[in-house]
Q: 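Quick one: structure below, then a few questions.
When reading the values below, keep in mind they use all heavy atoms of this one structure, side chains included, and skip hydrogens, waters and symmetry mates.
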Amino acid sequence: MPPMSTLSGKTLVITGATRGIGRAIALRAARDGANIAVLGKTREPHPKLPGTVGETVAEVEAAGGHALGCICDVRFEEQVAEALAQTVERFGGIDVLVNNASAISLTDTRQTDMKRFDLMHQVNTRASFMCAKLCLPELERAENPHILNLAPPLNFEARWFAPHTAYSIAKYGMSLCVLGLAAELRPDGIAVNALWPRTVIRTAAVQNLLGGDSSMARARSPEIVADAAHVVLTSPSRELSGRFLIDEEVLRGAGVTDFSQYADVPDAELLPDFFV
């Protein structure tokens, strides 16, 4: 399945694009000359989480892309609808939706308050479903439409639920959206896939969660996920859909054999990610 070579001229809507994997996917597409709608909540710098909508917009344009900054909380339908309307007005349509925004709390049941439970389900499962629903009219008109959820493979083992049941349910909800929407939208030629990293990814959010620099030394950079996403999003939508993809496997399939550029330690020392 040879991919198209470029996202040039394509319009991508990326949620949670102010930092980490979302930002990396935006910058990889920008190097092709793509149009990027940068959706995020962060207008002003956060003390523990670097990156704002404005900063990502500037980086996308510096990398060769065209950017639209949308201050948007994906929990609220009217904010998402307004961001998508602005995107269509600015760029003429939508070719790709990347559901990257996510909320995480690795707490057990006793330590998970219901406010945090609700937040994870609103940002992860509900927003992924809602953004897909609201993008459908434009994706139906696109030449090579893709929905990509940053979500894990559906691996129903108790060990992935017991330590943090609430988070796992919310994250697997994104995966179930892939399972259902891929089959539902196949007749329309709209690809729906999941992408997940094999290893822990070096992001500020993960560093705050796992604590310290020692774990981050054994993590890969977000660019590996961005490069894998590029392969997926440049593939024919009618040929690649309903798949639960792992970043390293995608890149190996595209001919990549050297992964040293993504990490500071040998592959054998890398930390595996959750759910794989």
Q: Same cluster for L270 and V256 if Ile/Leu/Val/Met/Phe/Trp/Tyr side chains link at under 4.5 Å?
A: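 In one cluster: no.
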Q: If you measure from CD1 on I246 to CG on L251, what distance do you get to the nearest 0.5 Å?
A: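 Going from CD1 on I246 over to CG on L251, the span is 11.5 Å.
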Q: Do I21 and L245 belong together in a cluster built from hydrophobic side chains that touch within less than 4.5 Å?
A: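 In one cluster with I21: L245, yes.
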Q: Would F161 end up clustered with F117 when hydrophobic side chains under 4.5 Å apart are linked, directly or stepwise?
A: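 Cluster IDs for F161 and F117 differ.
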Q: Quick one: pull up CD1 in I169 and OG1 in T125 and give me the separation to the nearest 0.5 Å.
A: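 Going from the CD1 atom of I169 to the OG1 atom of T125 covers 9.0 Å.
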Q: Of all heavy-atom pairs between N99 and S128, which one has the smallest distance, and what is that distance?
A: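 Answer, listing the atom of N99 first, then S128: ND2-O, 3.3 Å.
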Q: With no hydrogens and no angle check, do the side chains of S102 and N124 hold a donor and an acceptor under 3.5 Å apart?
A: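 Judged by distance alone, the side chains do pair up.
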Q: Could you tell me which non-hydrogen atom of C70 sits nearest to which non-hydrogen atom of Q86, and how far apart they are?
A: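 In this case the closest contact between C70 and Q86 is SG-OE1, 3.9 Å.
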Q: If you apply the rule side-chain contact (heavy atoms from CB on, under 4.5 Å), what do you find for R202 with D264, and how did you get there?
A: CA-CA 11 Å; R202 190 184 304 125; D264 299 327; 3.5 Å; yes
Q: When you measure from the side chain of D32 to the backbone of A34, do you find a donor-acceptor pair of N or O atoms at a distance under 3.5 Å?
A: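 A pair under 3.5 Å: no.
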Q: Within a strict 4.5 Å, meaning less than it, do heavy atoms of the V57 and V38 side chains meet?
A: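 Answer yes - side chains close enough.
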Q: Yes or no on side-chain contact (heavy atoms from CB on, under 4.5 Å) for L195 and V250, after CA distance, side-chain angles and deciding distance?
A: CA-CA 9 Å; L195 180 63; V250 169; 4.3 Å; yes
Q: What is the minimum heavy-atom distance between M130 and F76, and which atoms define it?
A: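 Closest pair (atom of M130, atom of F76, distance): CE-C, 4.1 Å.
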Q: Are the side chain of N100 and the backbone of G16 linked by a donor-acceptor contact shorter than 3.5 Å?
A: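 Yes; judged by distance alone, with no hydrogens or angles, the pair exists.
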Q: Nearest 0.5 Å please: distance from the NE2 atom of H230 over to the CZ atom of R31.
A: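 It is 8.0 Å, given to the nearest 0.5 Å.
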Q: How about L179 and V192: do any of their side-chain heavy atoms sit closer than 4.5 Å?
A: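 Heavy-atom side-chain distance check fails, nothing below 4.5 Å.
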Q: Nearest 0.5 Å please: distance from the CH2 atom of W160 over to the NZ atom of K171.
A: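 It comes to 14.5 Å.
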Q: Decide yes or no for D227 and Y262: does some side-chain heavy atom of the first lie under 4.5 Å from some side-chain heavy atom of the second?
A: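 They are in contact (side-chain heavy atoms under 4.5 Å apart), so the answer is yes.
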Q: How about CZ on R252, more than 12 heavy atoms from neighbouring residues, nucleotides or ligands closer than 6.0 Å, or not?
A: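 More than 12 within 6.0 Å, yes.
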Q: Main chain of S235, side chain of N144: is a donor-acceptor contact present, judged purely on distance under 3.5 Å?
A: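 Flag set: sc N144 to bb S235 pair under 3.5 Å.
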Q: List the steps and the verdict of side-chain contact (heavy atoms from CB on, under 4.5 Å) for V178 and L176.
A: CA-CA 5 Å; V178 170; L176 290 170; over 6 Å; no
Q: Taking the side chain as C-beta and beyond, is there a heavy-atom pair between I147 and C135 under 4.5 Å?
A: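 A side-chain contact under 4.5 Å is absent here.
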Q: Indicate if L84 and F129 have the same hydrophobic cluster label, given that clusters are the connected sets of ILVMFWY residues with side-chain heavy-atom separations under 4.5 angstrom.
A: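 Cluster IDs for L84 and F129 differ.
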Q: Count the heavy atoms of every other residue, nucleotide or ligand shown that sit under 6.0 Å from CD of Q261, and state whether that count exceeds 12.
A: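 Counting neighbours around CD of Q261, more than 12 heavy atoms of other residues, nucleotides or ligands fall under 6.0 Å, so yes.
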Q: In Å and rounded to the nearest 0.5 Å, what is the CD to CG distance from E61 to L68?
A: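 Answer rounded to 0.5 Å: 9.5 Å.
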Q: Under a 3.5 Å distance rule, please check whether D258 uses its side chain to pair with a backbone N or O of S260 as donor and acceptor.
A: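 Here the side-chain-to-backbone pair exists.
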Q: Verify whether one side chain among Y172 and N155 offers a donor that lies under 3.5 Å from an acceptor in the other.
A: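 No pair is found: no donor N or O on one side chain lies under 3.5 Å from an acceptor on the other.
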Q: Could you tell me whether E89 atom CD has more than 12 heavy atoms of other residues or ligands within 6.0 Å of it?
A: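 No - once you tally the heavy atoms of other residues, nucleotides and ligands closer than 6.0 Å, there are 12 at most.
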Q: Do V232 and L240 touch side chain to side chain, with heavy atoms closer than 4.5 Å?
A: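 The answer is yes, as the side chains (C-beta and beyond) meet within the 4.5 Å cut-off.
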Q: Between E55 and R19, is a salt bridge (Lys or Arg N to Asp or Glu O under 4.0 Å) present by the stated rule, with each step listed?
A: CA-CA 9 Å; E55 288 169 356; R19 57 183 67 93; over 6 Å; no
Q: Which is it for E248 and R220 under the salt bridge (Lys or Arg N to Asp or Glu O under 4.0 Å) test, yes or no, and what are the steps along the way?
A: CA-CA 11 Å; E248 183 178 307; R220 280 174 168 160; 2.8 Å; yes
Q: Run the salt-bridge test on R75 and D73 with the 4.0 Å N-O cut-off and return the result as yes or no.
A: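 So R75 pairs with D73 through a salt bridge.
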Q: What are the two closest non-hydrogen atoms of L134 and P137, and how far apart are they?
A: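 Scanning both residues completely, I find the closest heavy atoms to be O-CD, 3.5 Å.
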Q: Is any side-chain heavy atom of L136 closer than 4.5 Å to a side-chain heavy atom of L185?
A: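 Yes, close enough: below the 4.5 Å cut-off.
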Q: With distance as the sole criterion, is a donor-acceptor pair present between the side chains of T42 and T52 under 3.5 Å?
A: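 Side chains of T42 and T52: no pair found under 3.5 Å.
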Q: Does this structure show an ion pair linking R141 with E138, if we count only N-O contacts that are shorter than 4.0 Å?
A: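 Looking at E138 together with R141, the answer is yes, because their closest N to O distance falls below 4.0 Å.
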Q: Output yes when a side-chain donor or acceptor of R116 lies under 3.5 Å from a complementary backbone atom of Q111, and no otherwise.
A: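 No, R116 side chain to Q111 backbone: no donor-acceptor pair under 3.5 Å.
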Q: Would you call T199 and P272 a side-chain contact if the rule is heavy atoms closer than 4.5 Å?
A: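 Contact flag for T199/P272 side chains = no.
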Q: Looking only at heavy atoms, which two atoms of A103 and V123 are closest? And how far apart?
A: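 Nearest pair, atom of A103 first, then V123: N-CG1, 3.7 Å.
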Q: Before giving the answer on side-chain contact (heavy atoms from CB on, under 4.5 Å), spell out for S105 and M120 the whole-Å C-alpha distance, their side-chain angles and the decisive distance to 0.1 Å.
A: CA-CA 8 Å; S105 179; M120 288 191 287; 4.0 Å; yes
Q: Hey, can you tell me if F275 and H164 have their rings parallel, tilted or perpendicular (30° and 60° cut-offs)?
A: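 Plane angle over 60°, so perpendicular.
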Q: For A191, what residues pass the side-chain contact (heavy atoms from CB on, under 4.5 Å) criterion, not counting sequence neighbours?
A: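 Result, side-chain contact (heavy atoms from CB on, under 4.5 Å) vs A191: H146, N193, S237, S241.
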Q: Say whether, by atom type as modelled, one donor and one acceptor occur between the side chain of T15 and the main chain of A101 under 3.5 angstrom.
A: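 Present.
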Q: Can you check whether M174's main-chain N or O pairs, donor with acceptor, with N149's side chain at less than 3.5 Å?
A: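 Answer holds: yes.
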Q: What closest approach, in Å, do L233 and L12 show between heavy atoms, and which atom pair accounts for it?
A: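 The pair with the smallest heavy-atom distance is CD1-CD2, 4.1 Å.
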Q: Nearest 0.5 Å, what's the OG1-CG distance between T56 and L27?
A: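 Output value for this atom pair is 7.0 Å.
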Q: Side chains of P222 and R23: does their closest heavy-atom pair fall under 4.5 Å?
A: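 Counting from C-beta outward, P222 and R23 never come under 4.5 Å.
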Q: Output yes when a side-chain donor or acceptor of D247 lies under 3.5 Å from a complementary backbone atom of I224, and no otherwise.
A: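 It does not hold such a pair.
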Q: In terms of hydrophobic clustering (I, L, V, M, F, W, Y; side-chain heavy atoms under 4.5 Å; direct or indirect links), are F91 and I36 co-clustered?
A: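 Shared cluster, no.
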